[in-house]
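Below, chain A is the first sequence line, B the second, and so on; all start at residue 1.
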Number of protein chains: 2
Amino acid sequence: MLEARLPQGAVLKKIVDAIKEIVSDANFDCTDSGITLQAMDSSHVALVSLLLTSEAFDPYRCDRNLTLGINIKTLVQILKCSGNDDVITLRAEEPADTLALVFEPPSLERISEYEMKLMDIDNERLEIPDTAYHAEITMAASEFQRICRDMQTLSESVTIEATKEGVKFSAEGELGSGSVTLKQGGSIDSSAETTTIELVQPTTQTFSVKYLVNFSKSTSLAGQVRLAMTAPLPMLVEYKISDCGHLRFFLAPKIDDEE
Amino acid sequence: MLEARLPQGAVLKKIVDAIKEIVSDANFDCTDSGITLQAMDSSHVALVSLLLTSEAFDPYRCDRNLTLGINIKTLVQILKCSGNDDVITLRAEEPADTLALVFEPPSLERISEYEMKLMDIDNERLEIPDTAYHAEITMAASEFQRICRDMQTLSESVTIEATKEGVKFSAEGELGSGSVTLKQGGSIDSSAETTTIELVQPTTQTFSVKYLVNFSKSTSLAGQVRLAMTAPLPMLVEYKISDCGHLRFFLAPKIDDEE
DNA sequence: TTTGAAACAT
DNA sequence: ATGTTTCAAA
C-alpha cells in the first residue's frame, strides 16, 4: 500500500500542469525511496522524467512497489479541485486500480476526497545514464522561458550555442532573425539571475522551440533551470524540486544541417 | 549607414503601438537631423506623421539619407522581444534591405539582436505646411482619450466645438445624445490637466470618432495633446515626445451637414 | 483595457 | 492537429 502525504500540495499541481501538454498517460512508479515517472510525448521526440523522493512527503509509506497508470488529463481535473495551500495525500492499495487523493486546507476545516480510476499503460522504461555533458548551462528559469517565447515568434527552431563566454539562443524565420546572448555571470554573485556555464567543449545544437516553450511551463517549480548538452545526444532540461527531486526533460536535437 | 541608440527604448514601443492600428506599412526616413515617418491609413482619411529628432538618440549617426520600408506588424512582433527598460539601438547599412535592432537591459547581462527584412514602399510624401490654425486646444491626453471613448458609445461621429469659453465634444446616436465641455483653464495653473484654447475664430467640425480613439492610444507618450482646427481643413492631433519630436495625426472632417 | 494563455470545437 | 473563443492577469 502507498500512503504519501505531500505538505506542499502545490508542487504536485505545478508538476502536472508542466507535463500535461507533453504526456497524456503515464505510470507513476512508487517505491520505498519515492515516486518516479517516465514518459515520452506522442511524437517520441521528448522524454519527461520526474523524481519525487520520499523526503518530499511527510509521512511517506510504500510497502511494496506500485505502478499507478494515470491519465494526466483526469489528474489535472481532479487537482483543480484542490486549493493551492492544500496538503495532498495520495493513497493506493494493491491491486492498484484506483488512486485516492485527499485535499486538506491548512485550516483543516474541510476535507476533500477524490478517487480516480487507474489504467494499464505499457511502459518502455529506459534507463538514462547520468552522463557527463559537454556543456552545462544554469540560468534563471524565467529568463529561459522568456527567450524561448521570443524565439518562437520568429521560427519553429532555436539554436543554442554554448561557448565559454556565454550562451547564445538564435532563430531565423520569415520575419527576420534574432538572437539573445547571455554572458557568463560573475562567480561571486550567485543569485537566481546568474548564468553559469560549465564547458568541456563548445556545443551548438538546434531544437524544436515549441517543446522548449512547453518545458518552460515548469518555471514556477524552480528559480533556475539547467540545460545540459552533448552533441548529438538529446539535451537535458532540468528543474530542481527543492531538495526532494527534479523534473527533467530530454529533447532530441533537429538533425538537418551542419553541426 | 544609420546607427541610432535610443536610451528610452520604451518610446519606440509606444510609438509603434500607437500607430499599428492605423498604418500597416511605412517608410522610416532617416536623415542627419533625425527620423521621420509619414503614412496614410488604408482608407486615406487619416495621416500619421512622426518626428524623432537626433536628440532623442545618444549617439545618433546617419551619414547618408536612408529610407527604411517597414512592415509595422513585424516591427511590433520584434519589439515585443524587448524589455520595457531596454536601450534600443537601430542599425542599417546601405542598401537598406534589413534593419538591425539591438536590445540591452540596464544590467547589460543580456544582449538581444534582431534583424528584420525591409520592403519597398511607395511613398507619396506630402509636405504639410505648418499652418496657423483658427482654433488650438491643449488639454490632458488622458482626458481626450476618455472623452473619445465616451462619445464612441453614442455615435460614430463626434463634433468638436471650440469657442473662447471652452471646448465642447458632442455626439448623437440611437441611444441618445451627449456632450462633454471643458472650460478654458486658468492661465496661472499650468498642470497637465489644464485646458488651453487659442482662438482666431470659433470653429466647429465633425469627425469619425473611431480614428480619434485610435489616435488617443498615444496617450502614454505625452501628458498633453494639442488639437488644431481650421475649417474645412483636416484637424491636427499632436502628441509631443519630450523635447525630441512629436507624433502627429491629421484627420479630414466629415462633410455631411452644416458647419 | 489590453494582452496572453487555456479550453473548446472543428 | 489547428483555429477560435473565452477567461484571467497585468
Side-chain angles (χ1 to χ4, degrees), chain A residues 10 12-25 40-46 71-85 141-157 171 173-175 178 208-221 251, chain B residues 9-23 72-86 103 105 140-154 180 209-223 225 239 247:
Chain A
L12 183 62
K13 289 168 68 109
K14 287 177 187 170
I15 290 168
V16 173
D17 270 338
I19 67 175
K20 71 179 179 201
E21 302 293 330
I22 303 169
V23 178
S24 57
D25 305 293
M40 300 211 66
D41 84 297
S42 57
S43 62
H44 277 235
V45 177
N71 175 274
I72 302 295
K73 285 270 189 303
T74 305
L75 182 56
V76 166
Q77 290 301 323
I78 290 181
L79 287 174
K80 272 185 188 162
C81 304
S82 75
N84 249 101
D85 300 326
S142 56
E143 180 83 40
F144 179 64
Q145 184 172 45
R146 172 70 195 269
I147 291 170
C148 290
R149 285 179 179 170
D150 285 351
M151 293 296 106
Q152 193 177 222
T153 65
L154 293 174
S155 167
E156 294 183 343
S157 303
E174 291 164 15
L175 301 178
S208 167
V209 73
K210 75 172 179 191
Y211 287 99
L212 298 183
V213 168
N214 264 143
F215 298 168
S216 68
K217 298 237 167 87
S218 307
T219 297
S220 58
L221 271 175
L251 181 62
Chain B
V11 168
L12 184 60
K13 289 169 69 112
K14 287 177 186 169
I15 290 169
V16 173
D17 270 338
I19 68 175
K20 71 179 178 199
E21 302 293 332
I22 304 169
V23 179
I72 302 296
K73 284 268 188 308
T74 303
L75 183 57
V76 167
Q77 288 298 323
I78 289 179
L79 286 174
K80 273 186 190 161
C81 303
S82 74
N84 250 101
D85 300 325
D86 284 5
F103 307 143
S142 55
E143 180 83 40
F144 179 63
Q145 183 172 46
R146 174 66 196 271
I147 290 170
C148 291
R149 284 179 178 169
D150 287 351
M151 294 296 107
Q152 192 177 223
T153 65
L154 294 174
V180 178
V209 72
K210 75 173 180 192
Y211 287 98
L212 299 183
V213 168
N214 263 141
F215 300 168
S216 68
K217 298 238 166 83
S218 308
T219 297
S220 58
L221 270 176
V225 62
Y239 295 86
L247 183 54

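With sequence neighbours excluded, the residues forming a salt bridge (charged side-chain N to carboxylate O under 4.0 Å, His left out) with A/Asp17 are A/Lys20, listed by chain and number. Applying the salt bridge (charged side-chain N to carboxylate O under 4.0 Å, His left out) test to A/Asp150 and every residue at least two apart in sequence or in another chain returns A/Arg146, B/Arg110. Every residue meeting the ring pair (Phe, Tyr, Trp, His ring centres under 6.0 Å) condition with B/Phe103, not counting sequence neighbours, appears here in chain and number order: B/Tyr114.
In summary, the side chains of B/Ser216 and B/Tyr211 do not present any donor paired with an acceptor at a separation below 3.5 Å, with no hydrogens or angles considered.
When heavy atoms are screened at a 4.0 angstrom cut-off, B/Arg146 is found touching no nucleic acid atom at all. Nucleic acid contact for A/Lys73: none, since no nucleic acid atom lies under 4.0 Å from a heavy atom of the residue.
Environment of NZ in A/Lys217: crowded, with over 12 heavy atoms of neighbouring residues, nucleotides or ligands closer than 6.0 Å.
When DNA chain C is scanned in the 5' to 3' direction for atoms under 4.0 Å from non-hydrogen atoms of chain B, the outermost contacting nucleotides are C/dT1 to C/dG4.
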Between the protein and nucleotides 2-9 of chain D, which nitrogen or oxygen pairs come in under 3.5 angstrom?
none

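For the pair B/Asp86 (side chain) and B/Gly9 (backbone), a donor-acceptor distance under 3.5 Å is absent.
Under the side chain to side chain contact (heavy atoms under 4.5 Å, CB included) test applied with B/Val213, the options B/Glu21, B/Gln152, B/Met151 reduce to a single match, B/Gln152.
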Tabulate below the donor-acceptor pairs under 3.5 Å that side-chain atoms of residues 72-84 of chain A make, not counting sequence neighbours, or state none.
residue: A/Thr74; atom: OG1; partner: A/Asn71; partner atom: OD1; Å: 2.8
residue: A/Ser82; atom: OG; partner: A/Lys13; partner atom: NZ; Å: 3.1
residue: A/Ser82; atom: OG; partner: A/Leu79; partner atom: O; Å: 2.8

